[in-house]
Engineer: 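I'd like to ask you about the structure that follows.
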Amino acid sequence: YDQGEGPLVGGKHILQNAGINLVLRARSGEPYTQRLTPDRSNHEIIGTINGARLPWHFGADLRVDKDFTVAFGKHPVTEGAKSRKEYTFNAYIYVKNVFNIQDILAVYPYSGSAKNDGFLASSYGQQTIPQQTYAPSYIDLYTLSIQNPGLINLPRQIFLGLQFNF
């Protein structure tokens with residue numbers, strides 16, 4: 001709203017010098033090459049190179065802000081006196097990933113999943129597990145080792161800020 005416009009609450013125009021921004025993003029998923037086996041040394045593929053695609057990516061960010069003007073200095077009594085200096089503060093809240101979407105950014109090429117590489121369930125894993133000293137420990141540690149937070153986007157983040165303009 002412009003100066004002197006908008007709804008009045010307590011004699012003040014509460015939406016004056018305020019703003020709201022919503023940024024929506026969507027893009028198709030990137031291609032990746034599916035592998036025939038979970039064995040990282042074996043490069044046999046299923047289909048063609050880059051023949052599989054990740055799911056679509058969606059995102060939304062929100063920013064709500066309001067400007068406040070503050071005057072410092074003495075109030076001029078005469079025409080020759082120095083005028084008050086005005087400064088503007090912008091208070092804002094910025095929310096990244098408003099809908100808290102767990103967007104898949106990459107996957108393991110054998111399983112096509114961002115959470116599991118498929119090795120333990122594969123025939124290779126089933127042959128490897130019994131050869132370990134303590135199989136339950138091996139399974140737990142292997143499962144921990146493949147947890148990669150970089151394969152899924154960040155959760156919702158909320159930022160509060162105050163910007164000083166002069």
Side-chain angles (χ1 to χ4, degrees), residues 1 6-7 9 14-68 70 87-166:
Y1 289 99
V9 174
I14 59 169
L15 295 181
Q16 182 174 301
N17 298 322
I20 185 167
N21 302 309
L22 178 65
V23 177
L24 301 172
R25 292 179 309 280
R27 64 186 167 107
S28 66
E30 293 84 2
Y32 74 96
T33 304
Q34 286 184 306
R35 285 234 201 102
L36 185 62
T37 66
D39 183 7
R40 293 184 180 130
S41 63
N42 184 346
H43 298 290
E44 291 181 69
I45 63 172
I46 298 173
T48 61
I49 293 176
N50 289 334
R53 293 195 80 81
L54 295 174
W56 275 71
H57 301 284
F58 298 99
D61 299 336
L62 176 72
R63 180 182 164 118
V64 178
D65 67 292
K66 178 150 176 63
D67 288 341
F68 299 94
V70 179
Y87 297 96
T88 304
F89 292 91
N90 177 268
Y92 65 89
I93 181 169
Y94 177 50
V95 184
K96 291 176 84 174
N97 194 6
V98 172
F99 303 119
N100 203 26
I101 296 171
Q102 286 192 348
D103 214 4
I104 296 173
L105 304 176
V107 294
Y108 289 104
Y110 172 69
S111 66
S113 168
K115 297 181 179 183
N116 183 355
D117 70 352
F119 175 75
L120 293 176
S122 72
S123 60
Y124 292 98
Q126 293 302 306
Q127 292 172 7
T128 305
I129 293 170
Q131 298 170 4
Q132 305 308 310
T133 306
Y134 186 62
S137 177
Y138 175 79
I139 292 169
D140 290 343
L141 291 172
Y142 185 85
T143 303
L144 281 173
S145 75
I146 62 168
Q147 299 306 310
N148 184 351
L151 300 181
I152 297 175
N153 71 329
L154 295 172
R156 178 184 304 124
Q157 297 174 330
I158 301 173
F159 302 90
L160 299 174
L162 185 64
Q163 186 176 0
F164 176 61
N165 297 314
F166 54 93

Engineer: Identify the heavy atoms of P7 and L15 that sit nearest to each other, and give their distance.
Structural biologist: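 Taking P7 first and L15 second, the nearest heavy atoms are CG-CD1, 3.8 Å.
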Engineer: Name all residues meeting the side chain to side chain contact (heavy atoms under 4.5 Å, CB included) criterion together with S123; count only those two or more places apart in sequence or in a different chain, and write none if there are none.
Structural biologist: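 In terms of side chain to side chain contact (heavy atoms under 4.5 Å, CB included), with neighbours along the sequence ignored, S123 is linked to no residue.
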Engineer: Is it true that, when you exclude L24 itself, more than 12 heavy atoms of the residues, nucleotides or ligands shown sit nearer than 6.0 Å to its CG?
Structural biologist: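 For L24, atom CG is crowded (more than 12 foreign heavy atoms under 6.0 Å).
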Engineer: Identify, with sequence neighbours excluded, every residue that meets side chain to side chain contact (heavy atoms under 4.5 Å, CB included) alongside A121.
Structural biologist: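 Result, side chain to side chain contact (heavy atoms under 4.5 Å, CB included) vs A121: none returned.
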Engineer: The test is side-chain contact (heavy atoms from CB on, under 4.5 Å); show your working for E30 and Y32 and say whether it passes.
Structural biologist: CA-CA 7 Å; E30 293 84 2; Y32 74 96; over 6 Å; no
Engineer: Relative to F68, does K66 satisfy both conditions: NZ or CZ under 6.0 angstrom from the six-membered ring centre, and within 45 degrees of the ring's axis?
Structural biologist: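 The answer is yes, since K66 meets both limits relative to F68.
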Engineer: Who pairs with E44 by side chain to side chain contact (heavy atoms under 4.5 Å, CB included), at least two apart in sequence or on another chain?
Structural biologist: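 Partners of E44 under the side chain to side chain contact (heavy atoms under 4.5 Å, CB included) test: L36, N42.
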Engineer: Is it the case that atom OH in Y134 sees more than 12 heavy atoms from other parts of the structure closer than 6.0 Å?
Structural biologist: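 Counting neighbours around OH of Y134, 12 or fewer heavy atoms of other residues, nucleotides or ligands fall under 6.0 Å, so no.
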Engineer: Listing request: all salt bridge (Lys or Arg N to Asp or Glu O under 4.0 Å) pairs with a residue in residues 113-122, at least two apart in sequence or in separate chains.
Structural biologist: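 Listed once each, the pairs are R40-D117.
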Engineer: What pair of heavy atoms forms the shortest contact from I104 to A114, and how long is it?
Structural biologist: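 Shortest heavy-atom contact: CG2-CB, 4.0 Å.
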Engineer: Residues two or more places apart in sequence or in another chain: which of them pass salt bridge (Lys or Arg N to Asp or Glu O under 4.0 Å) with D61?
Structural biologist: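 Result, salt bridge (Lys or Arg N to Asp or Glu O under 4.0 Å) vs D61: R25.
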Engineer: List the residues meeting side chain to side chain donor-acceptor pair (under 3.5 Å) with N97, not counting sequence neighbours, and say none if there are none.
Structural biologist: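 For N97, no residue satisfies side chain to side chain donor-acceptor pair (under 3.5 Å) once neighbours in sequence are set aside.
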Engineer: For residues 140-166, which residue pairs pass the salt bridge (Lys or Arg N to Asp or Glu O under 4.0 Å) check, not counting sequence neighbours?
Structural biologist: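 Residue pairs with at least one partner in residues 140-166: there are none.
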Engineer: In chain order, what residues pass the ring pair (Phe, Tyr, Trp, His ring centres under 6.0 Å) check against F58, with sequence neighbours excluded?
Structural biologist: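 In terms of ring pair (Phe, Tyr, Trp, His ring centres under 6.0 Å), with neighbours along the sequence ignored, F58 is linked to no residue.
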Engineer: Where do Q34 and A52 come nearest, in terms of heavy atoms and distance?
Structural biologist: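 Of all heavy-atom pairs spanning Q34 and A52, the closest is CG-CB, 3.7 Å.
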Engineer: ring-ring contact (aromatic ring centres under 6.0 Å, His included): which pairs involve residues 101-130, sequence neighbours left out?
Structural biologist: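 Every ring-ring contact (aromatic ring centres under 6.0 Å, His included) pair that includes a residue of residues 101-130, provided the two are not neighbours, is F119-Y142.
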Engineer: Under the rule for ring pair (Phe, Tyr, Trp, His ring centres under 6.0 Å), what residues qualify as partners of F99, not counting sequence neighbours?
Structural biologist: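 Partners of F99 by the ring pair (Phe, Tyr, Trp, His ring centres under 6.0 Å) criterion come out as none, since no residue qualifies.
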Engineer: The criterion is side chain to side chain contact (heavy atoms under 4.5 Å, CB included); which residues satisfy it with P31, sequence neighbours excluded?
Structural biologist: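 Per chain and number, P31 pairs via side chain to side chain contact (heavy atoms under 4.5 Å, CB included) with N50, R53.
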Engineer: Considering residues at least two apart in sequence or located in another chain, which fulfil the side chain to side chain donor-acceptor pair (under 3.5 Å) criterion with N90?
Structural biologist: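 Expected list: R63, D65, D67.
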